[in-house]
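From a predicted model like this one, the values you see are computed outputs, not experimental measurements. Side chains are part of it too, since the values below use all heavy atoms of this structure and drop only hydrogens, waters and symmetry mates. Residue indices begin at 1 and follow the sequence shown.
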Amino acid sequence: MNFVFVGRGKDCESNGRQGGFTLLELLVVLVILGFLASLVGPQVLKQIGGSKTKAAILQIEEFSTALDLYHLDGGRYPNTADGLNALIEKPSSARIWNGPYLKKKVIRDDPWGNPYHYASPGEYSDFDLFSLGRDGREGGEGEDGDVLSWE
């Protein structure tokens, strides 16, 4: 059984014009989208930068906790030469090592792709662990600011 629909009405009549948007309407929409992007874009980028700093803070806290566990087992923090790798592999200088002290078997770089700086004994505490931020230089503000374990 075949059905054939025959349309007769205003929508089906051909008057030589096709439906669509005019160039002016498209330009108005583009201007509105550009305006919205200029308002929302900087706020989104600001949130992304802030979340990288927060991620660095959390990573430093995770490493610091693992370093404290290492200290509890061996009576000292890994020296500067052993570095953070002592948390995942037994260093030759360790007498007692009950690691690995991190769940992941890799020491990740900071969120900006730079290695964390570690020194033991530290200048500010038993160990100094820090990231130099986005710019990779000491000091700075915002995303370029240092993330420090002793503050």
Hey, what do you get for OH (Tyr77) to CG (Asp82), rounding to the nearest 0.5 Å? 15.0 Å
Using only heavy-atom distances, determine whether the side chains of Asp128 and Ser149 contain a donor-acceptor pair under 3.5 Å. no
Please check: side-chain N/O of Tyr118 versus main-chain N/O of Pro78, any donor-acceptor pairing under 3.5 Å? yes
For Arg76, check salt bridge (charged side-chain N to carboxylate O under 4.0 Å, His left out) against everything at least two apart and list the hits. none
Please name the pair of heavy atoms, one in Thr53 and one in Val147, separated by the smallest distance, quoted to 0.1 Å. CG2-CG2, 4.2 Å
With sequence neighbours excluded, tell me which residues meet salt bridge (charged side-chain N to carboxylate O under 4.0 Å, His left out) with Glu61. none
Does the gap between the ring centers of Tyr116 and Phe63 come in under 6.0 Å? yes
Go through it in stages, so that I can follow the logic: the residues are Trp150 and Leu129, the test is side chain to side chain contact (heavy atoms under 4.5 Å, CB included), and I'd like the CA-CA distance, side-chain angles, deciding distance and then a yes or no. CA-CA 8 Å; Trp150 59 90; Leu129 177 61; over 6 Å; no
Side chain to side chain donor-acceptor pair (under 3.5 Å), that's the test. Do Trp112 and Glu143 meet it? Break it down for me. CA-CA 10 Å; Trp112 300 279; Glu143 205 176 337; 3.0 Å; yes
Residues at least two apart in sequence or cross-chain that pass salt bridge (charged side-chain N to carboxylate O under 4.0 Å, His left out) with Asp135, listed by chain then number, are none
For Leu87, does its backbone N or O pair with a side-chain atom of Trp97 as donor and acceptor, under 3.5 Å? no
Do the side chains of Ser131 and Gln59 get nearer than 4.5 Å, heavy atoms only? no
Check whether more than 12 heavy atoms from other residues, nucleotides or ligands sit under 6.0 Å from atom NZ of Lys104, and answer yes or no. no
Give a yes or no on whether Leu58 and Leu148 share a hydrophobic cluster (residues Ile, Leu, Val, Met, Phe, Trp, Tyr; joining criterion: side-chain heavy atoms under 4.5 Å apart). no
Find the distance between CG (Asp146) and CZ (Arg137) and round it off to the nearest 0.5 Å. 11.0 Å
Connected via hydrophobic side-chain network under 4.5 Å: Tyr124 and Ile57: no
Using the rule side chain to side chain contact (heavy atoms under 4.5 Å, CB included), only one of Asn79, Leu84, Thr80, Asp68 pairs with Phe127; which is it? Asp68
Could you check whether any side-chain heavy atom of Pro100 comes within less than 4.5 Å of a side-chain heavy atom of Glu89, counting everything from C-beta outward? no
CG on Asn85 to CD1 on Ile107, rounded to 0.5 Å: 5.5 Å
Rounded to the nearest 0.5 Å, what's the gap from OG1 on Thr65 to CG on Leu102? Could you check? 9.5 Å
Can you establish whether the number of heavy atoms outside Glu25 located under 6.0 Å from its atom CD is more than 12? yes
Hey, does Asn114 have a side-chain heavy atom less than 4.5 Å from the side chain of Leu132? no
Passes side chain to side chain donor-acceptor pair (under 3.5 Å), Asp73 versus Tyr101? Steps please. CA-CA 10 Å; Asp73 285 345; Tyr101 296 94; 2.7 Å; yes
So CG of Leu27 and CD1 of Ile32: to nearest 0.5 Å the spacing works out to 11.0 Å
I'd like to know if Glu62 pairs up with Arg108 as an ion pair, taking the criterion as any Lys NZ or Arg NE/NH1/NH2 lying under 4.0 Å from an Asp or Glu carboxylate oxygen. yes
